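A short worksheet on the structure shown next.
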2 protein chains.
Amino acid sequence: MSAGLTERRQVILKLVIQEFVETATPVASETLVRKYRLNVSSATVRNELAALEELGYLTHLHTSAGRVPTDAGYRFFVENLMERTTLSLAEQRTIRHQFYQVRGELDQWIQLAGAVLARTTQNASLVTPPRVAERLRFRSLELIGIHELMVLAVLVFHGGIVKQQTIALDTARSQEELRRSAARLSDYLADQTLSGIEELLTRDPGQQPLQLSEFERSMLELILRAMQLFEEQAREQIYSDGLLEMLSQPEFIPALARDDAERAVQRLRRALEILKSGRGLEPLIPQALASDGVQVIIGGENSADEMREYSVVLARYGVENAVAGVLGVIGPTRMAYPRSISTVRYISSLMSNLLAELYNAESRDQPNPDQ
Amino acid sequence: MSAGLTERRQVILKLVIQEFVETATPVASETLVRKYRLNVSSATVRNELAALEELGYLTHLHTSAGRVPTDAGYRFFVENLMERTTLSLAEQRTIRHQFYQVRGELDQWIQLAGAVLARTTQNASLVTPPRVAERLRFRSLELIGIHELMVLAVLVFHGGIVKQQTIALDTARSQEELRRSAARLSDYLADQTLSGIEELLTRDPGQQPLQLSEFERSMLELILRAMQLFEEQAREQIYSDGLLEMLSQPEFIPALARDDAERAVQRLRRALEILKSGRGLEPLIPQALASDGVQVIIGGENSADEMREYSVVLARYGVENAVAGVLGVIGPTRMAYPRSISTVRYISSLMSNLLAELYNAESRDQPNPDQ
DNA sequence: CTTAGCACTCGCGGCTGTCGAGTGCTAACT
DNA sequence: AGTTAGCACTCGACAGCCGCGAGTGCTAAG
């Protein structure tokens with residue numbers, strides 16, 4: 001029965017979703033008619049609602065409760081009904097200004113992106129640090145004596161990525177000695193990736209272009225280990241923020257939750273676990289990295305079971321062929337999708353521009369292998 | 001009436017607290033007699049409980065509910081009744097081992113300390129990074145060209161503290177030029193504190209021991225700003241962890257909370273706010289820095305009003321006259337104080353030893369002003 | 001000082017009845 | 001054929017009530 005999604009049904013579906021997102025309570029036919037001045041009676045709307053339900057876009061917890069969108073309903077909304085918005089110019093300016101304040105500090109960008117996403121969408125945010133495309137490429141090494149048996153090694157990689165580590169020595173080295181070793185190693189390893197260095201290390205000693213001292217070889221081992229560790233943990237790490245913002249959503253407030261307090265708190269605890277451990281989020285990252293534009297994952301559509309009640313809005317950011325990370329928003333499926341999407345889109349392009357400044361600049365003075 | 005705190009009352013108080021900490025439900029006279037095989041009847045115990053209540057160590061929400069310790073009760077327990085315990089050797093070994101895994105990385109120590117505190121006490125933890133006593137002392141500067149107009153400045157301070165910042169230049173500089181400037185500035189500023197540098201900067205140009213180029217002067221300004229920023233934010237920053245562990249305490253689980261679910265969730269939200277913003281915690285930090293041993297702040301004893309339901313166990317860690325930070329545990333007043341205290345004590349001494357390795361080592365090759 | 005005994009207080013779970021919101025259906029209307 | 005009024009029906013929310021059980025506080029006797 002019921003001839004599919006007519007124009008009017010689409011309008012009504014859209015209104016139901018808007019209303020539900022706004023109020024967080026099931027929406028009644030009467031409410032729709034009153035609030036949106038529909039020129040039909042509530043009975044008609046009820047018929048349409050029943051049809052939409054049959055089509056799978058809405059549900060009902062029980063007779064005599066308003067309608068609630070299903071995942072499929074949200075999906076249709078996001079795909080076809082939603083108008084594409086952008087952040088207001090004033091908001092854009094404010095955000096740009098904040099980023100300007102911390103220019104030059106990648107870590108701060110990440111943190112700021114997280115904070116801004118959370119604040120403007122009133123949901124939790126997640127940001128992964130930009131990962132170098134392919135592999136980390138070595139640039140130079142500085143060894144700074146902190147004391148005769150203690151050295152601070154500063155590893156600098158292409159793209160302004162820096163990793164520091166203090167290292168204990170077994171025999172004392174002068175500052176000058178350290179400088180020379182650092183310079184030799186820097187030359188030796190310049191522009192190498194992790195696997196390149198691994199290869200160098202296993203190469204027959206006779207073939208080495210440069211004889212390394214015992215000390216330098218042991219430094220090299222350390223560098224290698226640091227790089228491995230760094231690449232590994234960079235892959236996993238998901239920075240997140242805005243827990244508090246998300247928890248101000250009615251879903252998490254027992255007094256407002258339609259179901260009972262018990263559920264609200266379990267939800268809360270689960271949300272914490274998801275954000276802290278990243279479980280349930282991880283599978284989404286590579287997916288987002290691989291695709292253009294803003295990805296929307298709604299409820300149980302894709303992810304692990306514990307994510308059934310949450311939606312995630314993700315976008316890649318970075319510089320083509322150089323670095324890429326992922327940032328986005330996570331919140332209850334009842335989410336203001338247009339706003340989340342436009343915020344994520346804006347922040348990701350902002351971050352991309354900031355990174356491009358760093359990277360395009362750098363690539364100019366880099367040897368281009370194709371020339 | 002009631003001749004003060006007799007021996008027996010102390011025993012009973014102790015039992016009440018142990019029992020309440022364990023079960024999180026008000027404890028009844030009958031329970032005490034049964035569980036701890038007291039050789040008196042429950043009626044006698046009731047008389048004693050009444051006396052303890054009159055003395056201010058216990059309360060009850062209404063007639064016919066078991067007794068609950070007051071802040072004063074906990075205080076007396078901590079001060080006089082509790083036996084001083086230490087972590088088991090096995091636990092100590094496990095913890096030491098974990099720290100050994102990340103040797104050489106101060107940031108990791110802090111994170112690890114937070115995680116271990118949280119896990120072993122099942123409460124939230126807080127750790128402030130070790131602050132340099134007096135002021136930050138400059139050690140050296142490295143300038144690493146990332147590209148002709150982009151430089152990575154690595155500021156190294158005494159004690160292995162490193163701060164990095166990328167800086168945009170207006171005119172290109174060669175790597176060699178950067179190296180020379182860095183060396184000159186390093187010499188010029190070596191061992192200076194922030195105020196020392198400020199003084200140098202304002203000094204009459206004629207008096208300067210060294211003529212700086214325009215470029216070097218502008219670098220110097222940047223260094224100064226970075227140091228100011230760093231000192232400031234180091235003071236404020238409180239790292240925290242273990243939210244999830246704390247939330248597994250019955251106080252935060254509506255089904256188990258004696259009062260209602262509503263309260264449990266407000267508590268939860270408030271705990272989040274305290275940990276995220278650090279408000280309510282900040283006043284405790286300087287206090288802990290100024291005193292030896294483990295500090296215990298119980299409920300409303302000291303802190304802001306929103307901390308009324310929480311206790312904090314804090315200790316200083318660090319190296320005398322060199323660096324000091326604070327670490328500790330925060331949780332509901334119904335806390336296993338002996339365990340918290342011994343854990344905090346152990347971790348703080350462990351961290352102190354680790355830092356001492358770094359610092360005593362360093363001070364050996366530092367010029368001693370008294371010689 | 002200790003104890004048995006007992007009245008008294010409360011919280012809690014279960015049960016009931018009422019109210020109101022909202023739907024679903026039917027029959028009449030355009 | 002689509003729309004609408006009308007109305008029965010469903011279900012959750014809420015308040016009130018009852019009885020139970022846990023635990024105290026008091027008293028009087030040992």
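Just so we're on the same page: letters track the sequence lines, and every chain starts at 1. This is a predicted model, so every value here is computed, not measured. Excluded from the calculations below are hydrogen atoms, water molecules and symmetry mates; all remaining heavy atoms, backbone and side chain alike, are included.
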A:Arg119 and A:Glu91: CA distance, side-chain angles, deciding distance, salt bridge (charged side-chain N to carboxylate O under 4.0 Å, His left out) verdict: CA-CA 12 Å; A:Arg119 186 150 25 80; A:Glu91 281 176 307; over 6 Å; no
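- Contact between the side-chain N/O atoms of A:Thr44 and the OP1/OP2 oxygens of D:dT4 is found at a separation under 4.0 Å.
- Under the rule for a ring pair (Phe, Tyr, Trp, His ring centres under 6.0 Å), B:Phe77 has no partner lying at least two apart in sequence or in another chain.
- Screening residues 293-305 of chain B for salt bridge (Lys or Arg N to Asp or Glu O under 4.0 Å), with sequence neighbours left out, gives B:Arg75-B:Glu301, B:Asp305-B:Arg308.
- Comparing D:dA5, C:dT2, C:dA4 by their closest approach to the side chain of B:Arg8 singles out C:dT2.
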CA sep, side-chain torsions, deciding dist, call: B:Val329, B:Met335, side-chain contact (heavy atoms from CB on, under 4.5 Å): CA-CA 10 Å; B:Val329 166; B:Met335 176 192 276; 4.0 Å; yes
What pairs of nitrogen or oxygen atoms, one from the protein and one from nucleotides 23-29 of chain D, lie under 3.5 Å apart?
residue	atom	partner	partner atom	Å
D:dT24	OP1	B:Ser29	N	3.1
D:dT24	OP2	B:Ser29	N	3.4
D:dT24	OP2	B:Ser29	OG	2.7
D:dT24	O3'	B:His60	NE2	3.4
D:dG25	OP1	B:His60	NE2	3.0
D:dG25	OP2	B:Arg67	NH2	2.9
D:dG25	N7	B:Arg46	NE	3.1
D:dG25	O6	B:Arg46	NH2	3.1

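- As a whole-Å value, the separation of B:Lys35 NZ from D:dA22 C1' is 17 Å.
- Between the CD1 atom in A:Ile238 and the CZ atom in A:Arg279 there is a gap of 12.0 Å [rounded to 0.5 Å].
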